[in-house]
**Student:** 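Dumping the structure here so I can ask a few things about it.
We number each residue from 1, following the sequence as shown.
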Amino acid sequence: MLLLANGCSHTAGAEIEYETQDNCYDKAYPKTCAEELGWGWVNLAVSGASQERIIRTTIDWVGRNYKNYSNSELYVVIMWSASSRTEFYSKSRRNYVQVVPGNDEVYKKQFTKAEYLYYQSYVVLQNRSAQIAKWYNNVILLQSYLKSMNIRYLFLNATEPLPEYASLPHLIRQIDNRKYPWAHDSNNSFLNLVINRGYKMAKHTEKGFCHHVGEDAHIFYGKNIAKYIKETVNGSI
């Protein structure tokens, strides 16, 4: 069995070892989870990842590797990042760039003039209701893809729950809560859960903008998710 994980900095294990560390896959929760299950693992997460990147890279990986695994040998764990983020393709970098509202000073230095103008326009035009609708649509898109490929999966939240907007009942009822069990539960979002259990932010991140926990929290969470998968992998999932 192989566990394929994707998400943002909290799945990548950002800043476990030092400040501004993009990833630390060997100490992030997906590795612990896979080892508890006796599985292999692949971690596609990067810091600052948007939901669009999570979807794009997951589908790309499955498309490139599905011949190497039968459907019963692959299990996908997705930890959804903030819906306010997005991505665009940079011609100058020949790669996708993740956009996180609030990183103005960084983007002024890194982006071309056109890219920075795009970022500014994106931030100005942000609408919370539209962001939430996008989040639902992204979940429905990826769950439909994985189901079409007969791939088992589990959806999680990084920092906030999926809001239950009264104006979106047509989207809410399309979410498969068996495979996204804590979709609307703030207490079981990764960061809230580990903090409520007494785990601290990594000391080198306490005064910074980012809030990332240490290896001990990732070990706890990885074991917790592995336990859940063991209990459900042959059942509803």
**Student:** Got M201 and I195 here, is their nearest side-chain heavy-atom distance under 4.5 Å?
**Tutor:** yes

**Student:** Any donor and acceptor pair, going by atom type alone, linking the side chain of N127 with main-chain N or O of A130 inside 3.5 Å?
**Tutor:** yes

**Student:** Compare every heavy atom of Y122 with every heavy atom of S84, then report the nearest pair and how far apart it is.
**Tutor:**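 Closest pair (atom of S84, atom of Y122, distance): O-OH, 2.7 Å.
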
**Student:** My understanding is that only residues two or more places apart in sequence, or in another chain, count here; which of them pass side-chain contact (heavy atoms from CB on, under 4.5 Å) with A5?
**Tutor:**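 With sequence neighbours excluded, A5 shows a side-chain contact (heavy atoms from CB on, under 4.5 Å) to L3, T11, P30, N43, given in chain and number order.
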
**Student:** State plainly whether the residues K227 and E231 are in salt-bridge range, i.e. N to O under 4.0 Å.
**Tutor:** yes

**Student:** For the backbone of C33 and the side chain of Y221, can you confirm whether one donor and one acceptor N or O come within less than 3.5 Å of each other?
**Tutor:**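 Not a single qualifying donor-acceptor pair exists.
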
**Student:** Would you say the side-chain atoms of N23 pair up with the backbone N or O of V46, donor to acceptor, closer than 3.5 Å?
**Tutor:** no

**Student:** Determine the sole option in E15, H211, H212 for which the side-chain hydrogen bond (donor to acceptor under 3.5 Å, both in side chains) test with S9 is passed.
**Tutor:** H212

**Student:** For a quick test of reading the model, state the closest non-hydrogen atom pair linking N68 to E73 and the distance between them.
**Tutor:**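 Answer, listing the atom of N68 first, then E73: O-OE1, 4.3 Å.
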
**Student:** Taking all non-hydrogen atoms of both residues, which atom of A12 and which atom of D22 are closest, and how far apart?
**Tutor:** CB-O, 3.8 Å

**Student:** Once the angle between the rings of Y75 and W39 is folded into 0 to 90°, is it parallel (under 30°), tilted (30 to 60°) or perpendicular (over 60°)?
**Tutor:** tilted

**Student:** Any luck finding a side-chain donor-acceptor pair between E115 and Y119 under 3.5 Å?
**Tutor:** no

**Student:** Do the rings of Y107 and F111 sit parallel, tilted or perpendicular, given the 30° and 60° boundaries?
**Tutor:** parallel

**Student:** Which residue is it: Y228, W80, F155? I am looking for the one with a ring pair (Phe, Tyr, Trp, His ring centres under 6.0 Å) to W182.
**Tutor:**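 Answer to the ring pair (Phe, Tyr, Trp, His ring centres under 6.0 Å) test with W182 among Y228, W80, F155: Y228.
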
**Student:** Between the main-chain N or O of N192 and the side-chain N or O of N196, is there a donor-acceptor pair closer than 3.5 Å?
**Tutor:** yes

**Student:** Check whether any side-chain heavy atom of W61 lies under 4.5 Å from a side-chain heavy atom of L74, and answer yes or no.
**Tutor:**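 SC-SC contact between W61 and L74 confirmed.
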
**Student:** Could you check whether atom CZ of R197 has more than 12 heavy atoms from other residues, nucleotides or ligands sitting under 6.0 Å from it?
**Tutor:**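 For R197, atom CZ is not crowded (no more than 12 foreign heavy atoms under 6.0 Å).
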
**Student:** Is I55 reachable from Y66 through a run of I, L, V, M, F, W or Y residues, each pair having side-chain heavy atoms under 4.5 Å apart?
**Tutor:**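 Per the 4.5 Å side-chain linkage, Y66 and I55 are co-clustered.
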
**Student:** Do you reckon L156 sits in the same ILVMFWY cluster as I229, going by side-chain contacts under 4.5 Å, direct or chained?
**Tutor:**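 Same cluster: L156 reaches I229 through Ile, Leu, Val, Met, Phe, Trp or Tyr contacts under 4.5 Å.
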
**Student:** So do Q131 and T86 actually touch side chain to side chain, heavy atoms under 4.5 Å?
**Tutor:** no

**Student:** For Y25 and K31, which heavy atoms make the closest approach, and how far apart are they?
**Tutor:**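 Reported closest heavy-atom pair: O-CB, 3.8 Å.
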
**Student:** State the CD-CD1 distance between Q143 and I78, to the nearest 0.5 angstrom.
**Tutor:** 12.0 Å

**Student:** Linking I/L/V/M/F/W/Y whenever any side-chain heavy atoms sit under 4.5 Å apart, do I54 and Y96 land together?
**Tutor:** no

**Student:** So does A183 get a backbone contact from the side chain of N157, meaning a donor-acceptor N/O pair under 3.5 Å?
**Tutor:**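 Yes: the side chain of N157 pairs with the backbone of A183.
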
**Student:** Are a donor atom and an acceptor atom from the side chains of Q98 and S50 found within less than 3.5 Å of each other?
**Tutor:** yes

**Student:** Might you point out which heavy atoms bring I172 and Y136 nearest each other, and give the distance in Å?
**Tutor:** CG1-OH, 3.3 Å

**Student:** Would you indicate whether the side-chain heavy atoms of K179 and L146 approach each other to under 4.5 Å?
**Tutor:** no

**Student:** Ion pair present between K134 and E52, side-chain N to carboxylate O less than 4.0 angstrom?
**Tutor:** yes

**Student:** Quick check: is L193 connected to I219 through a chain of hydrophobic side chains (ILVMFWY, heavy atoms under 4.5 Å apart)?
**Tutor:**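 No.
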
**Student:** Should V77 and Y29 count as side-chain neighbours, where that means a heavy-atom distance under 4.5 Å?
**Tutor:**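 Side-chain contact under 4.5 Å: yes.
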
**Student:** Return the CZ to CG distance between R53 and N6, rounded to the nearest 0.5 Å.
**Tutor:** 6.0 Å

**Student:** Please examine the side chains of I59 and L141, heavy atoms only from C-beta on, and report whether any two atoms are closer than 4.5 Å.
**Tutor:**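 When only atoms from C-beta onward are counted, I59 and L141 do touch, with a gap below 4.5 Å.
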
**Student:** Should we say atom OH of Y165 is surrounded by more than 12 heavy atoms from elsewhere, each under 6.0 Å from it?
**Tutor:** yes

**Student:** Kindly say whether K230 contributes a backbone atom to a donor-acceptor pair with the side chain of E36 at under 3.5 angstrom?
**Tutor:** no

**Student:** Take the angle between the ring planes of H218 and F190 and call it parallel below 30°, perpendicular above 60°, tilted in between.
**Tutor:**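 Tilted: the ring planes of H218 and F190 meet at 30° to 60°.
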
**Student:** What's the separation between atom CG in D176 and atom OH in Y153, rounded to the nearest 0.5 Å?
**Tutor:**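 Spacing of CG (D176) from OH (Y153) equals 4.5 Å.
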
**Student:** Once rounded to the nearest 0.5 Å, what's the spacing between atom OG of S81 and atom CD of E160?
**Tutor:**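 Between S81 OG and E160 CD, I get 9.5 Å after rounding to 0.5 Å.
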
**Student:** So which heavy atom on C8 is nearest to which on A158, and how close?
**Tutor:** SG-CB, 4.0 Å

**Student:** Answer yes or no: is there a side-chain heavy-atom contact under 4.5 Å between R173 and H170?
**Tutor:**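 Yes, close enough: below the 4.5 Å cut-off.
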
**Student:** Using 0.5 Å steps for rounding, measure from the CD atom of E105 to the CD atom of Q110.
**Tutor:**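 So the gap between those two atoms works out to 11.5 Å.
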
**Student:** I'd like to know if L117 and V100 are part of one continuous hydrophobic network [Ile/Leu/Val/Met/Phe/Trp/Tyr, side-chain heavy atoms within less than 4.5 Å].
**Tutor:**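 No, because V100 and L117 fall into different hydrophobic clusters, even though each may have its own neighbours under 4.5 Å.
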
**Student:** Salt-bridge test for R56 and D60: reply yes if a basic N is under 4.0 Å from a carboxylate O, no otherwise.
**Tutor:** no

**Student:** Under a 4.5 Å cut-off applied to non-hydrogen side-chain atoms, are W135 and L168 in contact?
**Tutor:** no

**Student:** We want to know whether Q51 and N138 form a side-chain donor-acceptor pair, criterion being a heavy-atom distance below 3.5 angstrom.
**Tutor:** yes

**Student:** Through direct or indirect side-chain contacts below 4.5 angstrom among Ile, Leu, Val, Met, Phe, Trp and Tyr, which residues connect to I16?
**Tutor:**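 Direct or chained contacts put I16 with none.
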
**Student:** For the CG atom of L154 and the OG1 atom of T232, what is their distance to the nearest 0.5 Å?
**Tutor:**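 Taking CG in L154 and OG1 in T232, the distance rounds to 7.0 Å.
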
